[in-house]
Protein chains: 2
Amino acid sequence: MTDTATTGRALPHPEPEEIRLESVLHALSDPMRLRIVRELAADEAELSCSHFDLPVTKSTTTHHFRVLRQSGVIRQVYQGTAKMNGLRRDDLDGLFPGLLDSLLAAADRQAGRLGDRS
Amino acid sequence: MTDTATTGRALPHPEPEEIRLESVLHALSDPMRLRIVRELAADEAELSCSHFDLPVTKSTTTHHFRVLRQSGVIRQVYQGTAKMNGLRRDDLDGLFPGLLDSLLAAADRQAGRLGDRS
DNA sequence: ATCGTAGTACGAGGTCTATCGTACGAGGCG
DNA sequence: CGCCTCGTACGATAGACCTCGTACTACGAT
């Protein structure tokens, strides 16, 4: 009641020890999902799914967010009808120190090189 | 003639500027290929395909090495009937500084955590 | 020249993936 | 309540991917 948290029910997330590097890399190997993660990292805040303006349908968007969540890259929480998404920075840094930053830096670098102005 | 290099013909490799982060991540998201890359990094030398004792057939092995080469992760050179494989450390470090080391460290960490003794 | 070894090519099978469309559920707001 | 928005679920489709087996090439050694 005095809880500021979620209204809806919970979503299944992998425990840190269940997160597999291969799954994380696979999740990030899709351009759409890498783009989502970059935006999430840039804003440094929880963002709703609808905040993203992806060139795919809603169904496909749901699919990509689910892949990211099930691989352990993001955390999703219902907040009313919206679903807030946040990077699992702490968990990933604990498991693979420095990896996330390197990946994000690599993505930034490539985006700059290719002229994909953020 | 005074060339110490290859006997056979050349294999197509992507130029550094053609290497895409997504392709690299996809290449490394397969357990068999990640294993190959880890061995390659550990030995710090060029290894022949047959040096690897993978639990798949020769055809499949060829396939995985091709994926790694085409994504820009390894360099392959014919040397007689053997094909020598080497990590493209310099090119990758130039494109994505620190990424390869982070990835290898992450893989090592996970292998240790899961008891996959090297 | 003959054989053996290293690796390729090609095709097939089965699985997984990305995408879509439509129909549905849950929550906020008039 | 009725409606709109956010997101899900399910089914379908087309393409990619991993795996294999068999037939083949290239090189080196006997």
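Every heavy atom of this structure was used, including side-chain atoms; hydrogens, water molecules and symmetry mates were not. The chains referred to below are lettered A, B, ... by the order of the sequence lines, with proteins before strands, and numbering in each begins at 1.
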Problem - Beyond-backbone contact of M84(B) with R75(B), side-chain heavy atoms, under 4.5 angstrom - result: no
Problem - Pairing of R89(A) and D101(A) as salt bridge, 4.0 angstrom limit - result: yes
Problem - Comparing M84(B) and H26(A) on DNA chain C - which has the more 5′ nearest nucleotide - result: M84(B)
Exercise for the section: Pull out every residue in residues 59-75 of chain B that has a heavy atom closer than 4.0 Å to any atom of DNA chain D, ordered by number, or say none. Expected result: S59(B), T60(B), H63(B), H64(B)
Problem - Contact under 4.0 Å: S50(A) side-chain N or O vs dT5(D) OP1/OP2 - result: no
Problem - ring-ring contact (aromatic ring centres under 6.0 Å, His included) against F96(B), all qualifying residues, sequence neighbours excluded - result: none
Exercise for the section: From the options dG7(D), dT8(C), dA18(C), select the nucleotide whose nearest atom is closest to the side chain of K58(B). Expected result: dT8(C)
Exercise for the section: Using only side-chain N and O atoms of T57(A), determine if any of them is under 4.0 Å from OP1 or OP2 of dC20(C). Expected result: yes
Problem - Between dC20(D) (P) and M32(B) (CE): distance, integer Å - result: 8 Å
Exercise for the section: In whole angstrom, give the distance that lies between atom OH of Y78(B) and atom P of dT25(D). Expected result: 14 Å
Practice task
Nearest whole angstrom, please: distance from the P of dG7(C) to the CZ of F52(B).
Solution key: 10 Å
Exercise for the section: Could you list the residues that satisfy side chain to side chain donor-acceptor pair (under 3.5 Å) with D43(A), not counting sequence neighbours? Expected result: none
Exercise for the section: Find the distance L47(B):CG to dG7(C):C1' and express it as a whole number of Å. Expected result: 16 Å
Practice task
Kindly point out which of dC6(D), dG7(C), dA18(C) is positioned nearest to the side chain of A82(A)?
Solution key: dC6(D)
Practice task
Return the value, rounded to whole Å, for the distance between atom CD of Q76(A) and atom C1' of dC6(D).
Solution key: 13 Å
Exercise for the section: Quick one: do E46(B) and Q79(B) satisfy side chain to side chain donor-acceptor pair (under 3.5 Å)? Show the steps, please. Expected result: CA-CA 11 Å; E46(B) 303 239 318; Q79(B) 199 143 355; over 6 Å; no
Exercise for the section: Report the distance from atom CG of L100(A) to atom CG of D91(A), rounding to the nearest 0.5 Å. Expected result: 11.0 Å
Practice task
In whole angstrom, give the distance that lies between atom CG of D30(B) and atom C1' of dT19(D).
Solution key: 11 Å
Problem - Cationic N near anionic O, under 4.0 Å, R35(B) to D30(B) - result: no
Problem - L11(A) CG to dC6(D) C1', straight-line distance once rounded to whole Å - result: 13 Å
